[in-house]
Amino acid sequence: MPTYVTTPIYYVNAMPHLGHAYTTIVTDTYSRFRRLCGDEVRFQTGTDEHGEKIVEAAVKEGVSPRAYVDRISAAFQATWPQLSVAQDYTIRTTDPDHVQTVQDILQQVYDNGDIYFSEYSGHYCQGCERFLTEKELVDGKCPDHQVAPKEISEQNYFFRMSKYQDWLIDHIKANPEYITPERYRNEVLSFLSEPLEDLCISRPTSRLTWGIPLPFDENFVTYVWFDALINYLTGIGYPDGSDFEKYWSVAEHVIAKDILKPHAIYWPTMIKAMGLSPYRRLHVHGYWNVDETKMSKSIGNVVRPKELVDTYGVDAVRYFVLREMSFGLDSSFSSDAIVARQNSDLANDLGNLFSRSLTMVVKYAAGKVPAADPTSEGPAEAELKNALATMVSGYEEHMNRFEFHRALQAVWEVIGLLNRYIVTNAPWELAKDPAQEGRLQTVLYSLSEALRIITLVLGPVMPEAAAKMVTALGLDGRMENVTLAEAGAWGGIQVGTQVAAPQQLFPRLDKKALAAGSTQQAAPVKKKARKEEKKKEISQDGLVSFEQFGKFDLRVAEILAAEKIAKSDRLLKLTVLLPEERTIVAGIAEHYSPEELVGKLVIAVANLKPAKLMGVPSQGMVLAAKTTGEDGREQLILSTVAGSIAPGSKVA
RNA sequence: GGCGAUGUAGCUCAGCUGGUUAGAGCGCACGGCUCAUAUCCGUGGUGUCCGGGGUUCAAGUCCCUGCAUCGCCA
């Protein structure tokens, strides 16, 4: 199967920012994913370089439009490698072959009678580059630019868009996936419920010369739509290119919601007028709202792709934007959020999983992936295999629907499962017992194999990190040109593969250092340190204050009943009078039989936070003295009181 | 003004055609482990499911209405 996917061509009146980066990362990820599915993929991006605003910007800089667009276009092209974006073709609307194609198509559509000449007059706003309607004016001025528009009477060429309105409505209704997510499809249909006007597609050369001349009237240049949208055809060699048919039949466009109308309405009708088949799908995404108060100072107000990559790393940036945004909806971008994703999802969950797993293969299996021992495989391995298979199919489905956040969620579910698998099976325990060798090998094999599949599916999302994972797994050269269908199945890793504990795949980031504008890595402090700090507070130098002691509510308790807790060697369930009746679970079963406890008066902590032990809720604890007997075994003697006293009496 | 979307735990959000005690991740608290990047595992939620009506044996899920936010259109 072929895949042809495009980003919009970016207008070069401004430098690349987060929005451009997102669209392009999404398209790159999708193209890598389709390649992983075995497709022959064509991925195109580019720049839109004609128009009045370009001329204005060039004039401002005192350079020619040509020099200006060369400079900005180069900035865009320099950005993509920094984001690990690998497009197959970069088109510029100033390319000679594009200019030629646009003119050919204009002539063709003109000859067919779908372009006509007409005169009209109206309020033209320079800033908007368009005519405004009476209703749009506020106090006679353009609401966006606060300037009174000029009264212009102008003759121009128009594209007979209205002619194709009914066809377009039918086509969208008949193809639910033509425009997705659905909200945008509805928006378009809603817009189409009103009569379409024809589209003005020219500018007189008296007003604009930086454009493609109309082939049938040298006094005009084409304006925006034919010039820009046709790039999707030029880039794959329309009309005679050998690959044109192959790729055009499967064309998919990725855009942000601000250019929905041109892509969902103008473009299909233009294509129809040319006599071509419609593109296959249009994928529309939302905006990134940048929370400036939560941004790193070094990045500032405008989020520049290069600075993002320099600050957080390309993998973190790609993972973040794909994981955080529900495709189609707006999301917010903040330093805190990206750091949280990096530290939690990438460093803790994924990076640490790789680290711990491969370290164990190195330690316990001399660094070679051991063979699984079929006789020691159990339900845990069955669950793993099952989870991996489910993940791969879910991943594929979601990626195809541009639901990247869901695809990644599915992967992380498996990562969580693997971390649990390690704890449950404790290879470090297995390694202590030679009799468990088979079991150990099975666990290590399963981990290695699962990591291989995870690496495979993360390739499209984080190409750089995935390459490091491949190396760590000793699979250099073996993960290229493989397909998801084959390589995504269990059992692909070769026994004996030499792995290496990876260098830190995902470094932890320090939120505070980043906020201050430093690109320093995290000083590894945080949670546990704080936890231990707290513990210290209580037992600083081994002494507690009287106040601290006063927090313990110690009381005399009378044991009313005692019974063993099933499946536990050490726990007894006690019913005590304190003076109210309570249940306390005590770890004294090895030292006292239930019978001998009944009636005893013991000292209990009455205000201990309730806890569940072996499923039995315990409201307090009884105190006992602990020592080691002559046989080396632990001995426990319950604390009690020297005389008879009422249950519930305070001990202090 | 018209049309539409959204409003669910401290934060970000899942909850399909109405049906067990409303979920996930993060954060937070406590406990456990020690292979690991001070990581991992376990336990912990009295959430007015925006407010108010209604339909139903049963509504976060359907209908009406109000409020808030947003989008498209005029």
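Convention: sequence-line order gives letters A, B, ...; per-chain numbering from 1. Since the structure is predicted, the reported quantities are computational estimates derived from the model, not experimental observations.
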Exercise for the section: Determine the interplanar angle of the A:W267 and A:H253 rings, folded into 0 to 90°, and report it as parallel if under 30°, tilted if 30 to 60°, perpendicular if over 60°. Expected result: tilted
Fill in the blank from the handout: For A:Y445 and A:A372 the tightest heavy-atom approach is CD2-CB, 3.6 Å
Exercise for the section: Pick base, sugar-phosphate or nothing for A:D330, based on heavy-atom distances below 4.0 Å to the nucleic acid. Expected result: nothing
Exercise for the section: Would you mind reading off the distance between A:N348 atom CG and B:G27 atom P, rounded to a whole angstrom? Expected result: 8 Å
Exercise for the section: Using the C1' atom as the reference point in each nucleotide, state the distance between B:C13 and B:C49 in Å, no decimals. Expected result: 13 Å
Exercise for the section: Evaluate the ring planes of A:W167 and A:H171, with Trp represented by its six-membered ring, and classify them as parallel (under 30°), tilted (30 to 60°) or perpendicular (over 60°). Expected result: parallel
Practice task
Please state whether the phosphate of B:A5, meaning OP1 or OP2, lies under 4.0 angstrom from any side-chain nitrogen or oxygen of A:N186.
Solution key: no
Exercise for the section: Please measure how far the C1' atom in B:C3 lies from the corresponding atom in B:G10, and state the result in whole Å. Expected result: 36 Å
Problem - Ionic contact status for A:D330 with A:K257, cut-off 4.0 Å - result: yes
Exercise for the section: Please check if atom CD in A:E429 has more than 12 non-hydrogen atoms from other residues, nucleotides or ligands closer than 6.0 Å. Expected result: yes
Exercise for the section: Could you check how far CG of A:L417 sits from P of B:C41, rounded to whole Å? Expected result: 10 Å
Handout entry: Atom P, compared across B:A22 and B:A9: separation rounded to whole Å
Key = 14 Å
Practice task
Flag the pair A:K261 and A:E187 as a salt bridge only when some basic side-chain nitrogen lies within less than 4.0 angstrom of an acidic carboxylate oxygen.
Solution key: no
Problem - Nucleotide B:C3, atom P - distance to CD of A:E187 in whole Å - result: 16 Å
Exercise for the section: With RNA chain B as reference, determine whether A:I422 or A:N419 sits nearer its 5' end, using the nearest nucleotide of each. Expected result: A:I422
Fill in the blank from the handout: Of B:C41, B:G15, B:U37, the nucleotide closest to the side chain of A:R420 is B:C41
Exercise for the section: Just name whichever nucleotide pairs with B:G51, Watson-Crick or G-U, keeping both distances under 3.5 Å, else none. Expected result: B:U65
Handout entry: Interatomic distance, A:I255 atom CD1 to A:Y184 atom OH [nearest 0.5 angstrom]
Key = 9.0 Å
Problem - A:K257 side chain near B:C72 phosphate (N/O to OP1/OP2, under 4.0 Å) - result: no
Problem - Within-4.5 Å side-chain heavy-atom neighbours: A:V461 and A:R323 - result: no
Problem - Within residues 352-361 of chain A, residues whose heavy atoms come under 4.0 Å of RNA chain B - result: A:N352, A:S355, A:R356, A:T359, A:M360
Handout entry: Side-chain ion pair, A:E397 and A:R401, N-O less than 4.0 Å
Key = yes
Handout entry: Candidate nucleotides B:U34, B:A36, B:C73, ranked by approach to the side chain of A:F191 - the nearest
Key = B:C73
Practice task
Classify the nucleic acid contact of A:E429 as base, sugar-phosphate or nothing, counting any heavy atom under 4.0 Å across all strands shown.
Solution key: sugar-phosphate
Completion exercise
Mate of B:C40 across any strand shown (Watson-Crick or G-U wobble, both atom pairs under 3.5 Å) is B:G32
Exercise for the section: Among the candidates B:U12, B:C26, B:U37, find the nucleotide nearest to the side-chain atoms of A:Q504. Expected result: B:U37
Exercise for the section: Would you check if the distance from the ring center of A:Y266 to the ring center of A:F159 is below 6.0 Å? Expected result: no
Completion exercise
Taking a pair to mean Watson-Crick or G-U wobble geometry with both distances below 3.5 Å, B:C72 pairs with B:G2
Fill in the blank from the handout: RNA chain B nearest-nucleotide lookup for A:S331 and A:L505: closer to the 5′ end is A:S331
Completion exercise
Rounded to whole Å, the CG-P distance (A:L346 to B:G25) equals 17 Å
Problem - A:E324, nearest nucleotide to its side chain (from B:U12, B:U37, B:C40) - result: B:U12
Handout entry: Nearest-nucleotide pick for A:R406, side chain only, options being B:C72, B:U37, B:A14
Key = B:A14
Exercise for the section: Send over the distance from A:F320 CZ to B:C26 P, rounded to a whole Å. Expected result: 15 Å
Handout entry: Nucleotide opposite B:C11 in a Watson-Crick or G-U pair, distances under 3.5 Å
Key = B:G25
Exercise for the section: Figure out the CG/P separation between A:L444 and B:A36, and round it to whole Å. Expected result: 13 Å
Handout entry: Selected nucleotide, minimal atom distance to A:R341 side chain, candidates B:G25, B:A5, B:C40
Key = B:G25
Handout entry: Rounded distance in Å between the C1' positions of B:C57 and B:A68
Key = 34 Å
Completion exercise
The Watson-Crick or G-U wobble partner of B:C57, with both key distances under 3.5 Å, is B:G19
Exercise for the section: Write down the distance separating the C1' atoms in B:U48 and B:G60, rounded off to the nearest Å. Expected result: 12 Å
Practice task
Give a yes/no on whether any side-chain N or O of A:R508 is located under 4.0 angstrom from OP1 or OP2 of B:U39.
Solution key: yes
Exercise for the section: Take atom CD1 of A:I179 and atom P of B:G71, then tell me their distance rounded to the nearest Å. Expected result: 20 Å
Exercise for the section: Send over the distance from A:L329 CG to B:U6 P, rounded to a whole Å. Expected result: 10 Å
